[in-house]
Every structure is written in structure tokens, then in C-alpha cells.
Number of protein chains: 2
Amino acid sequence: MTFLGPLADRSKWQIGDNCSIGKAMDVIGSRSAILLLREACYGTTRFDDFVERVGITEAVAAARLKQFVAAGILDRRPYREPGKRTRHEYVLTRMGRDLLPAVLALMQWGDAYLQPNGGPLRVVDRESGGPVTIRPRGESGKDLDLDDLAIVPNDAWTPPRRTIPQPLEGPSDTTP
Amino acid sequence: MTFLGPLADRSKWQIGDNCSIGKAMDVIGSRSAILLLREACYGTTRFDDFVERVGITEAVAAARLKQFVAAGILDRRPYREPGKRTRHEYVLTRMGRDLLPAVLALMQWGDAYLQPNGGPLRVVDRESGGPVTIRPRGESGKDLDLDDLAIVPNDAWTPPRRTIPQPLEGPSDTTP
DNA sequence: CGCCTGGCTATGAGATTGCATAGCCAGACC
DNA sequence: GGTCTGGCTATGCAATCTCATAGCCAGGCG
């Protein structure tokens with residue numbers, strides 16, 4: 001991985017709290033969170049199913065699900081079976097579905113290196129039945145490896161404000 | 001996501017401890033672990049650089065690095081600068097490099113949903129400068145979404161033995 | 001109208017993670 | 001051979017995560 005432009009000298013800057021990976025880990029960084037997410041991807045929507053299939057306690061499931069709903073990863077919507085009272089189910093939002101690459105990447109890696117013969121489950125293309133892989137990919141469609149990548153600053157990005165902007169009395173010192 | 005064959009009835013089986021994602025999370029599931037991994041992907045190899053660039057304490061860095069070496073993700077190799085004593089650097093093994101998809105997937109998701117305008121850094125193709133994406137992909141090269149995937153049992157896989165097999169005295173109840 | 005049940009919440013204990021601070025030690029340098 | 005320094009370790013405390021257990025409550029049912 002190469003750093004280009006102003007990033008080239010790594011002693012001159014630090015990513016600090018602005019790292020997207022760090023922010024992502026704050027939301028989905030616990031074991032229960034990822035496993036819950038796996039289940040959601042598998043199609044699970046109901047509280048009890050989450051608890052049973054993930055193998056966590058109800059308290060933990062409730063906490064994580066609530067947190068996911070607050071984060072916008074899951075949508076909590078009422079449902080009702082005939083003769084039963086109204087309950088809620090948890091379905092993936094767009095934001096949640098877009099975590100699929102992360103979930104699959106972990107699974108792919110675990111299958112390859114942490115299991116005797118590739119793990120108990122295989123993910124396949126529903127149409128063809130062929131294998132599914134997940135790798136970084138360039139615009140042209142070519143697979144890229146670590147050495148093929150470069151990092152450039154994103155000029156559109158602005159550091160998040162964490163205090164109310166002060167009335168300016170000189171050049172602002174917004175996280176240089 | 002659809003389950004095929006014997007997996008179709010989800011009330012009949014549980015993945016339990018055999019989940020590759022769970023095993024992966026046991027190794028790289030903490031915040032410091034992922035951030036350390038990010039730095040390793042960025043090309044960092046030395047103890048002090050890890051500590052400074054990730055923003056964790058030396059104790060935590062030492063613990064995680066040791067754990068990574070034990071897991072086979074990093075290789076600890078001696079190096080020596082002229083006039084300095086021998087030290088060790090930590091470089092990604094094949095196993096470690098193959099975590100790149102997981103790291104990039106998290107970054108991609110964080111950039112998209114947790115940042116004001118796409119996060120501070122952009123990953124690009126070193127050759128073309130074009131954007132890099134990471135998505136599940138079928139054999140044909142087609143991008144696949146959640147609904148395009150299916151899960152089938154992996155017949156090659158055998159559950160890891162954790163106890164000596166008992167002499168059978170009836171139908172075994174190994175994780176129904 | 002009171003009981004029962006499925007779905008969720010509350011509480012407390014133990015393990016893990018992380019920070020801050022201080023300490024150790026191999027070996028380069030004098 | 002003593003001292004200094006960069007690289008790593010040890011200790012103590014706070015926060016978080018998870019489990020186990022118990023409790024609550026809406027509303028269907030008798």
C-alpha cells in the first residue's frame with residue numbers, strides 16, 4: 001500500500017479519531033454484534049431466533065439490536081401473527097445490507113485459515129451454484145492486491161465538528 | 001440469502017461454535033486488533049510506529065502483536081539499523097495479507113455511512129488512480145447482492161474434535 | 001377478570017479490554 | 001565497565017462485554 005501526495009510522509013500526519021474503520025468498529029466491533037449481523041444477513045428477523053441461533057443471552061441480544069436500530073442498521077417494525085399479540089421484527093436497512101462485504105470477508109478468511117477444510121458452510125451464487133469471492137477490485141474489474149493499492153487524501157471530506165463553531169477571531173484551528 | 005438442501009429448515013440445525021466468523025472474531029475482534037491490522041496493511045512494521053499511529057498504549061500493542069504472531073497473521077523478524085541493537089519488526093504473512101478484504105470492507109462501509117463526505121482517505125488503484133471497491137462476486141465476475149447468494153453445506157468439512165470420540169451407544173447427537 | 005405466556009428488561013458477577021504509569025533490560029556508546 | 005536509550009513488560013484501575021438469573025408486562029385465553 002502506497003501513500004501519495006501530502007500523505008507520503010507518514011511522520012507528518014495521523015489519522016486519529018477520524019478513521020472510518022475505528023468508527024465502524026464502535027458500531028459493530030463486538031463479537032455479539034457481528035454474529036447478530038451474520039444472522040440478519042442469513043434472513044433472521046425475530047428476537048427469539050436471534051437469541052437461539054447466535055447463542056447469546058436475551059439481554060445481550062436486546063442491547064445490540066437496540067443499538068443497531070439506533071445506528072440505522074436494522075429497522076424495527078411491528079408484525080402480528082393471527083391470534084398473537086403485536087411483536088417487532090428486525091430487518092436490515094440499506095446501510096445494514098451494505099455490511100455484507102465485511103461479513104463475507106470475515107467468513108471467507110475464517111474458512112480459509114481457521115477451519116479444517118473450509119468451514120461448514122459454502123456461500124454460492126444462487127443462479128449458477130458457483131463459488132462467491134470477495135476481493136478488492138479496480139474500476140476495470142481487475143482484482144487488486146495489497147501492493148496494487150494507493151491512498152490519497154479525500155478533498156471532499158471535512159473533519160466532523162465536535163464543538164459549536166466559535167465566532168471567528170482569526171484563522172480557525174480545526175484539527176490541522 | 002437462501003439456504004439450500006439440508007440447511008433449508010433453519011429450525012433443524014445450529015452453527016454453534018463452528019462459525020468461521022466467530023472464530024475470526026476471536027482473533028481480530030477487538031478494536032485495537034483491527035486498527036493494528038489497518039496499520040500493518042498501510043505498511044507499518046515497527047513497534048513504536050504501531051503505538052503512535054494507532055494511538056494505543058504500548059502494553060496493548062505488545063499484547064496484540066504477540067497474539068497476531070502466535071496466530072500466524074504477523075511474522076516477527078529481527079532487523080538492525082547500523083549503530084543500533086537488534087530489534088524486531090512485524091510484517092504481514094500471507095494469512096495476514098488475506099485480511100485485506102475485511103479491512104477494506106469495514107473502511108468502505110465506514111466511509112459511506114459514518115463520515116460526512118466519504119472519510120479522510122481514499123483507496124485507489126495505484127496504476128489508474130481509479131476507485132477501488134469490494135463486493136461479493138460470482139464466478140462469472142458479476143457483482144452479487146444479498147438476494148443473489150445461497151448457502152450450501154460444505155461436505156469436505158469435518159467438525160473439529162474436542163473430545164475423544166465415545167464408543168457409540170445409539171444415534172449420536174452431534175449438533176443436530 | 002385473573003392467569004399464563006412470549007418477548008423483552010433489570011441486576012449482579014466475572015472476564016476482557018483499555019489507559020496511565022512505572023519499571024526492566026540488551027546492548028551501543030563512551 | 002558504567003550509563004543511557006529504545007523497545008518492551010508489569011501493575012493497578014476504570015469501562016465494557018457477556019452470562020446467569022430473575023422480573024416485568026401486554027394481551028390472549030379460560
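Chain letters run A, B, ... following the sequence lines, proteins first and then strands; every chain starts at 1. What you see is a predicted model, and the numbers here were worked out from it, not measured in a lab.
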- Find the distance D17(B):CG to dC19(D):P and express it as a whole number of Å. 11 Å
- To the nearest angstrom, the CE-C1' distance between M25(A) and dC17(D) comes to 13 Å
- Item | Among dT9(D), dG7(C), dG7(D), the nucleotide that comes nearest once only the side chain of A62(B) is considered | dT9(D)
Mind listing the N/O atom pairs, protein and nucleotides 17-23 of chain C, below 3.5 Å?
from, atom 1, to, atom 2, distance (Å)
dG18(C), OP1, S32(B), N, 3.0
dG18(C), OP1, S32(B), OG, 3.0
dG18(C), OP2, S32(B), OG, 2.7
dG18(C), OP2, R64(B), NE, 3.4
dG18(C), OP2, R64(B), NH2, 2.9
dC19(C), OP2, T57(B), N, 3.4

- Item | Lys/Arg N to Asp/Glu carboxylate O, D148(A) vs K142(A), below 4.0 Å | no
- Message: Looking at A102(B), is its backbone amide N or carbonyl O close enough to the side chain of W109(A) to form a donor-acceptor pair, meaning the two atoms are under 3.5 Å apart?
- Response: no
- Please give, in whole Å, the distance from dT9(D) P to L65(B) CG? 10 Å
- Task: Have a look at the helix from dC1(C)-dG30(D) to dC30(C)-dG1(D) and give the angle its two end axes make, five pairs each, rounded to 10 degrees.
- Result: 0°
- Round to the nearest Å and state the distance from R87(A) atom CZ to dG6(C) atom P. 10 Å
- Flag the pair R137(B) and D143(B) as a salt bridge only when some basic side-chain nitrogen lies within less than 4.0 angstrom of an acidic carboxylate oxygen. no
- Linking I/L/V/M/F/W/Y whenever their side-chain heavy atoms sit closer than 4.5 Å, directly or via other members, would F3(B) and V91(A) fall into one cluster? no
- Query: Tell me: CG of L36(A) to P of dC8(C), nearest whole Å?
  - Reply: 13 Å
- Task: Calculate the interatomic distance between K66(A) atom NZ and dC8(C) atom P; express it in whole Å.
- Result: 10 Å
- Query: Is P131(B) close to E139(A) at the side-chain level, that is, under 4.5 Å between some pair of heavy atoms?
  - Reply: yes
- Heavy-atom count around R122(B) CZ within 6.0 Å, excluding the residue itself: above 12? no
Could you pull out all donor-acceptor pairs under 3.5 Å where a side-chain atom in residues 59-69 of chain B meets a protein atom, sequence neighbours excluded?
from, atom 1, to, atom 2, distance (Å)
R64(B), NE, S30(B), OG, 3.2
R64(B), NE, S32(B), OG, 2.9
R64(B), NH1, Q67(B), OE1, 2.8

- Salt bridge check: are E89(A) and R46(A) linked by an N-O gap of less than 4.0 Å? no
- Query: Does the distance from a Lys or Arg side-chain N to an Asp or Glu carboxylate O, for R97(A) and D145(B), drop under 4.0 Å?
  - Reply: yes
- Message: Rounding to an integer number of Å, can you tell me how far F47(A) CZ sits from dC25(D) P?
- Response: 17 Å
- Message: Heavy atoms from C-beta onward define the side chain here; which of dG7(D), dC8(D), dG7(C) lies closest to that of R76(B)?
- Response: dC8(D)
